[in-house]
Amino acid sequence: MTSVDSGTSADFIRSVIAEDLRTDKYGGRVVTRFPPEPNGYLHIGHAKSICLNFGVAAEHPGGVCHLRFDDTNPTREDMEFVDSIQEDVRWLGFDWQDHLYYASDYFEQLYALAEQLIRSGLAYVDSLTAEEIRDFRGTLTEPGRNSPYRERSLEENLDLFQRMRAGEFEDGRHVLRAKIDMASPNMNLRDPTLYRIRRVPHQRTGDAWRIYPMYDFAHGLSDSIEKVTHSLCTLEFEDHRPLYDWFLDSLEVYHPQQIEFARLNLTHTVLSKRKLRHLVEQGCVSGWDDPRMPTLSGLRRRGYTPRSIRKFCDRVGVAKRDTVVEMALLEHCLREDLNQHAPRVMGVLRPLKLIIDNYPEGQTEEFEAVNNPEDPSMGTRLIPFSRALYIEEDDFREDPPSKFYRLAPGKEVRLRYAYLVTCVAVVKDEQTGDVVEVHCTYDPDSRGGTAPDGRRVRGTLHWVTEADSVAAEVRLYDHLFSQPNPDEDTDGGDVPADLNPNSLEILQQCRVEPGLGEATPGSIYQFERQGYFVVDNADSKPGGLVFNRAVSLRDTWAKIQQAQKNPA
RNA sequence: UGCCCGGUGGUGUAGCGGUAGCACGUCAGCCUUUGGAGCUGUAAGCCCUGGUUCGAGCCCAGGCCGGGCAGCCA
């Protein structure tokens, strides 16, 4: 039932629903809806709404959540988006069963309702131009004025409206408006527009209509037609609720309850279709599904799991104050999920050759590695070992700082699952002075990684063999914006100032353990000691592996270094 | 400057007149064949001023601050 029963407290919306159930306001029904306009891709902000609407419905026996496309504006909508939206909602893990609807399915009913409003003397055809209407509307502090067409006769209104439908007038010639109150302090009630002429084909109704209903008229009445009980929307529609109610009451039809909640905001990114579109169009990202994008398709390609996103939406909660959630929480939710479920592998991002001088040339052996220490049922695998290996460049320092537990001249470390090795020499590039090869000796008695005498070895390094490892490209992603709250507008038309220039780093020379050769797109691994990486679902091919870093592991060493750099 | 909504640690969120809690983040420690994970601990909060009350984060009044609204967009 409600989450109250499970020990956690209900948010204000669930409380309202629980109360409505208690008073039997809707005959025990719970019907919600997720109403996207098919004019763009879904993002993490929509996920909050999806989780809320579908979540609330699922919490009650018989509860359902409709997926309804608010396709009332053919000039900006496209079927391409209705497909991607359905895909994303399904991917997130929700099911609308057979409740897939389109506002355009109701055009005929909505038209009849509009005529009914006219007959009740509550709507009229206005023939002012768009500019005149704006002018007559008044301002936030001054009342508007009545349109000279406001008192047209019922017959004339009906006739005009029917001819609007018939396509007799060009765009903008007339509109249908509600007759409410041009002096209302609520701008939405100053005779809002109900229908406008748009002589363009609609993606679903084709040439059937020359007039299309506006959001306020279509939305609430669609809710009513579908017998929605709770119509959950974001805060900016709060001022629209009196209008929502006005239509329902004036037409004396079934009356759902609109409830508003705060939309999601996230640090280090932007969350509006307009701004996201800008990033795509300016080429700041590779597309709507760029792994840095907060779109669901971007997050999916980045390696985010549906479960982690649902968990995130859960933790973010639902309330009315508008807030900005830290990206760190989203990342935490991903780590938490992947720690539990992602298989561990070894992958070297920046390879440095390591030769074990006393390990026989040509000899190889295998070690058993644990696939997931958090989940023994995931079993083990065998990984090959030999004389020539690669380790991470960062794991060797010729002149190690304090607290550096990794490899350095004379120091001993453990090669994960394999042997303890001690650095005995380095080979440098004569030109640059860079260390290009590290030489070690191994302790044959430390097979598996434990010292026979119990001596303590703090550092454990991941590695791959030179011969068996597989080449891969790895894309390292970071926040799209360097500031937590990016500069609001990018009106100039080019790249936003706060765009993080280091949000993508491509590594071409990576080596991963042999088993990854047949990794399939979309599968996610933990590269031990580094982070979680997903096989890119667009660019990875057999023989041309591409991994995206979803999120790094918590990096304590990085913090220590940071502290050493900035004492205080 | 009209109307509407909202202000609880750095962030998000509980608390419904009776000891201000949880999570993320921070810092410290423990543990560790991932400097991962885990565990323990630490610091940090009711916008302000009055009022009602034995008692106010919660109720009332007045301020202050933040957000939304003037599409033939949604």
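Residue numbers start from 1 in every chain, and the chains themselves are labelled A, B, ... in the order their sequence lines are given, proteins ahead of strands. Note that the structure is a prediction, hence the values are computed from the model and not measured.
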Heavy atoms under 4.0 Å, any strand shown: does [X] hit a base, just sugar-phosphate, or nothing?
X: Thr450(A); answer: base
X: Ile197(A); answer: nothing
X: Arg414(A); answer: base
X: Asp70(A); answer: sugar-phosphate
X: Leu128(A); answer: base
X: Phe404(A); answer: base
X: Arg177(A); answer: nothing
X: Val175(A); answer: base

Shortest side-chain distance from [X], nucleotide among [options]:
X: Ala130(A); options: C72(B), C5(B), G35(B); result: C72(B)
X: Ala319(A); options: U13(B), U34(B), C5(B); result: U13(B)
X: His240(A); options: G12(B), A74(B), U1(B); result: A74(B)
X: Lys320(A); options: A74(B), G6(B), U34(B); result: G6(B)
X: Asn73(A); options: G68(B), G71(B), C73(B); result: C73(B)
X: Leu140(A); options: C69(B), A14(B), A74(B); result: C69(B)
X: Asn339(A); options: G35(B), G71(B), G36(B); result: G36(B)

When the ring centroid of [X] is compared with that of [Y], is the distance short of 6.0 Å?
X: Tyr215(A); Y: His219(A); value: yes
X: Phe481(A); Y: His268(A); value: no
X: Phe385(A); Y: Tyr419(A); value: yes
X: Tyr532(A); Y: Tyr525(A); value: no
X: Trp557(A); Y: Tyr405(A); value: no

Checklist entry - Is G36(B) in the syn range, within 90° of 0, or in the anti range? => result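 In terms of base orientation relative to the sugar, G36(B) is anti.
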Item to check | Intermediate values then yes/no, salt bridge (charged side-chain N to carboxylate O under 4.0 Å, His left out), Glu59(A) and Arg14(A) | outcome: CA-CA 10 Å; Glu59(A) 285 158 22; Arg14(A) 280 176 240 255; 2.4 Å; yes
Atom [atom1] of [X] and atom [atom2] of [N]: how far apart are they, to the nearest Å?
X: Leu189(A); N: G2(B); atom1: CG; atom2: P; result: 19 Å
X: Arg190(A); N: G2(B); atom1: CZ; atom2: P; result: 13 Å
X: Tyr212(A); N: A74(B); atom1: OH; atom2: P; result: 13 Å
X: Phe237(A); N: G6(B); atom1: CZ; atom2: C1'; result: 18 Å
X: Glu260(A); N: G6(B); atom1: CD; atom2: P; result: 10 Å
X: Asp191(A); N: G71(B); atom1: CG; atom2: P; result: 14 Å
X: Arg406(A); N: U34(B); atom1: CZ; atom2: C1'; result: 11 Å

So, does the side chain of [X] form a donor-acceptor pair with the base of [N] at under 3.5 Å?
X: Arg196(A); N: G71(B); result: no
X: Arg456(A); N: U32(B); result: no
X: Gln526(A); N: U34(B); result: yes
X: Glu374(A); N: G36(B); result: yes
X: Asp322(A); N: G6(B); result: no

[atom1] atoms of [N] and [M], separation to the nearest Å:
N: U53(B); M: A14(B); atom1: C1'; result: 25 Å
N: G55(B); M: U13(B); atom1: P; result: 32 Å
N: U42(B); M: G50(B); atom1: P; result: 34 Å

Is the phosphate of [N] approached by [X] (side-chain N or O, under 4.0 Å from OP1 or OP2)?
X: Arg529(A); N: G35(B); answer: yes
X: Arg198(A); N: C73(B); answer: yes
X: Thr129(A); N: C72(B); answer: no
X: Thr139(A); N: U1(B); answer: no

Item to check | Face-to-face stacking of Tyr215(A) with A74(B), centres under 5.5 angstrom, angle under 30° | outcome: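 Check failed, Tyr215(A) does not stack on base of A74(B).
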Checklist entry - Starting at the 5' end of RNA chain B, which residue's closest nucleotide do you reach first, Arg241(A) or Glu142(A)? => result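 On the 5' side of the pair lies Glu142(A).
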Checklist entry - On RNA chain B, nearest-nucleotide positions of Met214(A) versus Arg321(A): which is more 5'? => result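 The 5'-side residue here is Arg321(A).
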Checklist entry - Are the side chains of His46(A) and Lys48(A) in touch, meaning some heavy atoms are under 4.5 Å apart? => result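 A side-chain contact under 4.5 Å is absent here.
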Every protein N/O within reach of nucleotides 24-26 of chain B N/O, cut-off under 3.5 Å:
{"from": "U26(B)", "atom 1": "OP1", "to": "Lys559(A)", "atom 2": "NZ", "distance (Å)": "2.8"}

Next on the checklist: Once side-chain contact (heavy atoms from CB on, under 4.5 Å) is applied, do any residues pair with Asp314(A), and if so which ones, sequence neighbours excluded?
Outcome noted: none
Checklist entry - Got a sec, which pairs hit salt bridge (charged side-chain N to carboxylate O under 4.0 Å, His left out) with one end in residues 369-379 of chain A, sequence neighbours left out? => result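 Those involving residues 369-379 of chain A do not exist here.
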Checklist entry - Going by the salt bridge (charged side-chain N to carboxylate O under 4.0 Å, His left out) test, which pairs reach into residues 322-333 of chain A, not counting sequence neighbours? => result none
Next on the checklist: Holding to ring-ring contact (aromatic ring centres under 6.0 Å, His included), I want the full list of residues that pass it with Tyr149(A), two or more places apart in sequence or in another chain.
Outcome noted: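 Once residues adjacent in sequence are excluded, Tyr149(A) has no partner under the ring-ring contact (aromatic ring centres under 6.0 Å, His included) criterion.
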Next on the checklist: Just to be sure I follow the notation: if a pair is Watson-Crick (purine N1 to pyrimidine N3 plus N6-O4 or O6-N4) or a G-U wobble (N1-O2 and O6-N3), each under 3.5 Å, what dot-bracket string does RNA chain B give, with | for pairs to another strand?
Outcome noted: .((((((..((((....[..))))..((((.......)))).....(((((..]....))))))))))).....
Checklist entry - For Thr193(A) and Phe217(A), what are the C-alpha separation, side-chain angles and deciding distance, and is it a side-chain contact (heavy atoms from CB on, under 4.5 Å)? => result CA-CA 8 Å; Thr193(A) 303; Phe217(A) 185 69; over 6 Å; no
Next on the checklist: Pair His202(A), Trp209(A) - check side-chain contact (heavy atoms from CB on, under 4.5 Å), show working.
Outcome noted: CA-CA 8 Å; His202(A) 183 277; Trp209(A) 293 89; over 6 Å; no
